[in-house]
Enquirer: 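The following block contains the structure, expressed as structure tokens.
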Amino acid sequence: MVQHTGAQHSALIVDDERDIRELLVMALGRMGLRCDTASSLAEARGHLARERYALCLTDMRLPDGSGIDLVAEISARHPNTPVAMITAFGNVDAAVEALKAGAFDFVAKPVDLNVLRDLVRHALDLHKGRRSTRDTVAERLYGRSPAMTVLRDTIAKVARSQAPVYIAGESGVGKELVARTIHSESPRARGPFVPVNCGAIPAELMESEFFGHKKGSFTGAHADKPGLFQAADGGTLFLDEVAELPLPMQVKLLRAIQEKSVRPVGANVEVPVDVRILSATHKDLAALVAEGRFRQDLYYRINVIELRVPPLRERQEDLAGLAERILERLALQQGRAVPRLGEDALAALREYPFPGNVRELENILERAMALSDGNELTAADLRLPRPLAPLPTAAPSPPTHPTLKPGAVDPRTLSPRDTGTSALPSFIEEIERAAIVQALQENRYNKTKTAAALGITFRALRYKLKKLGIE
Ligand SMILES: Nc1ncnc2c1ncn2[C@@H]1O[C@H](COP(=O)(O)OP(=O)(O)OP(=O)(O)O)[C@@H](O)[C@H]1O
Ligand SMILES: [Mg+2]
């Protein structure tokens with residue numbers, strides 16, 4: 001039974017088959033909804049003009065046109081009426097098309113009453129407690145640049161839908177924060193948000209991690225264990241680093257998303273799950289699809305809506321405000337006064353390209369706070385990673401502010417022949433430093449991974465960090 005507060009909600013059911021209309025009226029009636037029905041687009045439009053509905057369910061094929069058109073019309077003219085599409089079983093294209101047109105969800109025929117109940121609950125939740133969420137979120141996902149303003153507006157829109165969202169963007173731009181924001185603004189906000197780093201699960205455990213397992217289904221399975229899908233039931237499953245999923249797992253995942261149910265390892269029945277899928281990667285997923293390393297059908301399914309989080313260097317306007325908020329947060333955590341950012345420090349930040357984006361800004365500020373004892377951070381406190389300096393022709397001059405984008409000069413292709421011999425050791429040190437800093441950023445400051453990427457041992461890396469004075 002779906003709980004509903006206050007006045008009775010009403011729903012509009014649009015289907016040209018009488019049996020289906022009657023079935024849905026009965027099912028929704030049991031959930032406390034009053035229903036109107038229509039067997040054509042024209043009839044539906046008539047109802048919509050007279051009444052405000054808490055939910056509309058529409059069939060795809062109608063005698064006078066397509067349900068998709070109705071979805072588009074309702075989302076444009078009646079944005080407070082969530083509309084869900086009834087699709088033929090397994091018709092992915094129709095479901096995707098409906099979501100793109102603005103449907104908040106879809107339900108496959110024959111309609112499973114459990115799925116329908118979840119759908120109705122989410123639709124009604126959209127009407128409840130939808131105040132002030134935007135303000136609280138604006139506090140968290142900061143950004144006043146035009147790019148971030150557009151992004152936040154888009155988040156507010158997609159949060160209301162159940163459509164899968166794919167979040168693209170460089171390392172450290174805030175993809176996970178965007179995913180959390182979508183969840184917390186959605187009707188699933190009171191459900192769990194379950195982030196999964198797809199690159200961190202060993203391939204042999206993946207199926208059991210995602211779908212759970214029955215006791216005794218393999219060595220080490222001492223008890224029944226629910227998987228991540230079940231853990232996220234009623235909420236959001238965030239597939240982070242989704243590009244890292246092995247191909248066989250991609251097939252199984254697609255199936256779970258499609259069927260809205262999972263089969264735990266060793267179980268012989270499917271368990272229905274009500275989960276919204278968000279995913280992200282810093283890799284170019286479309287390129288991986290083209291290379292055959294990511295399945296096109298899964299890509300198509302998770303990428304119904306794509307959000308692009310812009311790199312920090314493309315939103316200079318946000319830099320000062322972002323730095324301020326990060327300093328406030330760090331100061332609060334450390335129980336000290338909020339340090340100010342000096343003019344020279346801000347100027348230095350503005351010139352820095354931030355290959356590691358907001359996360360790198362956080363790291364830089366945290367280190368600066370640790371180094372400075374005063375109440376104002378200077379450019380020197382920031383100790384910005386040195387740029388890969390332009391090659392000096394005679395003796396190298398000490399690097400000034402960074403101007404080169406990372407990767408503009410590949411340190412491995414540099415040769416000490418290009419420099420004055422007397423400065424050779426320090427020149428090599430600079431190259432080493434640049435390579436290490438870049439590898440650290442690429443591996444998100446994970447030293448084990450960084451060492452592996454550089455092809456040196458963990459101990460050797462630790463030694464070099466110390467020698468070069470890299471924190
Ligand atoms: N717009 C923003 N406002 C406030 N904090 C932000 C913003 N964007 C990112 N951050 C912060 O920066 C850090 C990195 O963000 P997040 O983990 O979401 O990035 P990501 O894109 O998932 O990174 P990665 O690719 O490394 O996984 C987090 O601490 C996050 O809170
Ligand atoms: Mg992330």
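Computed from a predicted structure; not experimentally measured. Order of listing sets the numbers, starting from 1, for every ligand and every atom in it. Note that the numbering runs from 1 along the sequence shown for the chain.
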Enquirer: Quick check: are there more than 12 heavy atoms from other residues, nucleotides or ligands sitting under 6.0 Å from CZ of Arg263?
Expert: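 Counting other residues, nucleotides and ligands, CZ of Arg263 exceeds 12 neighbours.
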
Enquirer: Strictly distance-based, threshold 3.5 Å: is any side-chain N or O of Arg367 a donor or acceptor partner for the main-chain N or O of Leu382?
Expert: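 Indeed, once roles are kept as given, a pair shorter than 3.5 Å links the two residues.
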
Enquirer: Kindly confirm or rule out an N or O of Arg444 lying under 3.5 angstrom from an N or O of ligand 1.
Expert: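 Yes, there is a polar N/O contact under 3.5 Å.
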
Enquirer: Run down the list Glu442, Arg325, Lys175 and name the one with the heavy atom closest to atom 21 (O) of ligand 1.
Expert: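 Of the listed residues, Lys175 has the closest heavy atom.
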
Enquirer: Is the backbone N or O of Pro79 less than 3.5 Å from a side-chain atom of Arg160, with the two atoms forming a donor-acceptor pair by type?
Expert: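 Pair found, side chain donor or acceptor close to backbone of Pro79.
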
Enquirer: Where on Leu322 is there a heavy atom closer than 4.0 Å to ligand 1, on the side chain, on the backbone, on both, or on neither?
Expert: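 Looking at Leu322 and ligand 1, just side chain atoms fall under 4.0 Å.
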
Enquirer: Atoms of ligand 1 less than 4.0 Å from Ser171 heavy atoms?
Expert: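 Near Ser171, the atoms of ligand 1 are 25 (O), 26 (O).
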
Enquirer: Please name the pair of heavy atoms, one in Arg350 and one in Ala320, separated by the smallest distance, quoted to 0.1 Å.
Expert: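 Shortest heavy-atom separation between Arg350 and Ala320 comes out as NH2-CB, 4.2 Å.
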
Enquirer: Do we see a donor-acceptor contact under 3.5 Å between the side chains of Tyr299 and Gln250?
Expert: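 Tyr299 vs Gln250: no donor-acceptor pair found between side chains.
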
Enquirer: Are any of the N or O atoms of Arg329 closer than 3.5 Å to those of ligand 1?
Expert: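 Among all N and O atoms of Arg329, none is under 3.5 Å from an N or O of ligand 1.
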
Enquirer: Is it true that Lys214 and Asp224 make a salt bridge, defined as a side-chain N closer than 4.0 Å to a carboxylate O?
Expert: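 Answer for the salt bridge query: yes.
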
Enquirer: Do any nitrogen or oxygen atoms of Tyr142 lie less than 3.5 angstrom from nitrogen or oxygen atoms of ligand 1?
Expert: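 Min N/O separation from ligand 1 is below 3.5 Å for Tyr142.
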
Enquirer: Closer than 4.0 angstrom, basic N to acidic O: yes or no for Glu291 and Arg293?
Expert: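 Result for this pair is yes, salt bridge flagged.
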
Enquirer: Check whether NZ of the Lys or CZ of the Arg Lys260 lies under 6.0 Å from the centre of the six-membered ring of Phe106 and within 45 degrees of that ring's axis.
Expert: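 Yes, Lys260 and Phe106 form such a contact.
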
Enquirer: Given that the side chain starts at C-beta and the backbone is N, CA, C, O, which of these parts of Met148 lies under 4.0 Å from ligand 1, counting heavy atoms, or is it both or neither?
Expert: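 Side chain only; the backbone of Met148 stays clear of ligand 1.
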
Enquirer: Distance under 4.0 Å to a non-hydrogen atom of Leu141: what atoms of ligand 1 satisfy this?
Expert: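 The list of qualifying atoms is 1 (N), 3 (N).
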
Enquirer: So is Gly172 polar-close to ligand 1, meaning N/O to N/O under 3.5 Å?
Expert: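 Yes.
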
Enquirer: Looking only at distances, please establish whether an N/O atom of ligand 1 is found under 3.5 Å from an N/O atom of Gly174.
Expert: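 So ligand 1 has an N or O lying under 3.5 Å from an N or O of Gly174.
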
Enquirer: Considering both backbone and side-chain atoms of Glu362, is one of its nitrogen or oxygen atoms within less than 3.5 Å of a nitrogen or oxygen in ligand 1?
Expert: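 Between Glu362 and ligand 1, an N or O pair is found under 3.5 Å apart.
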
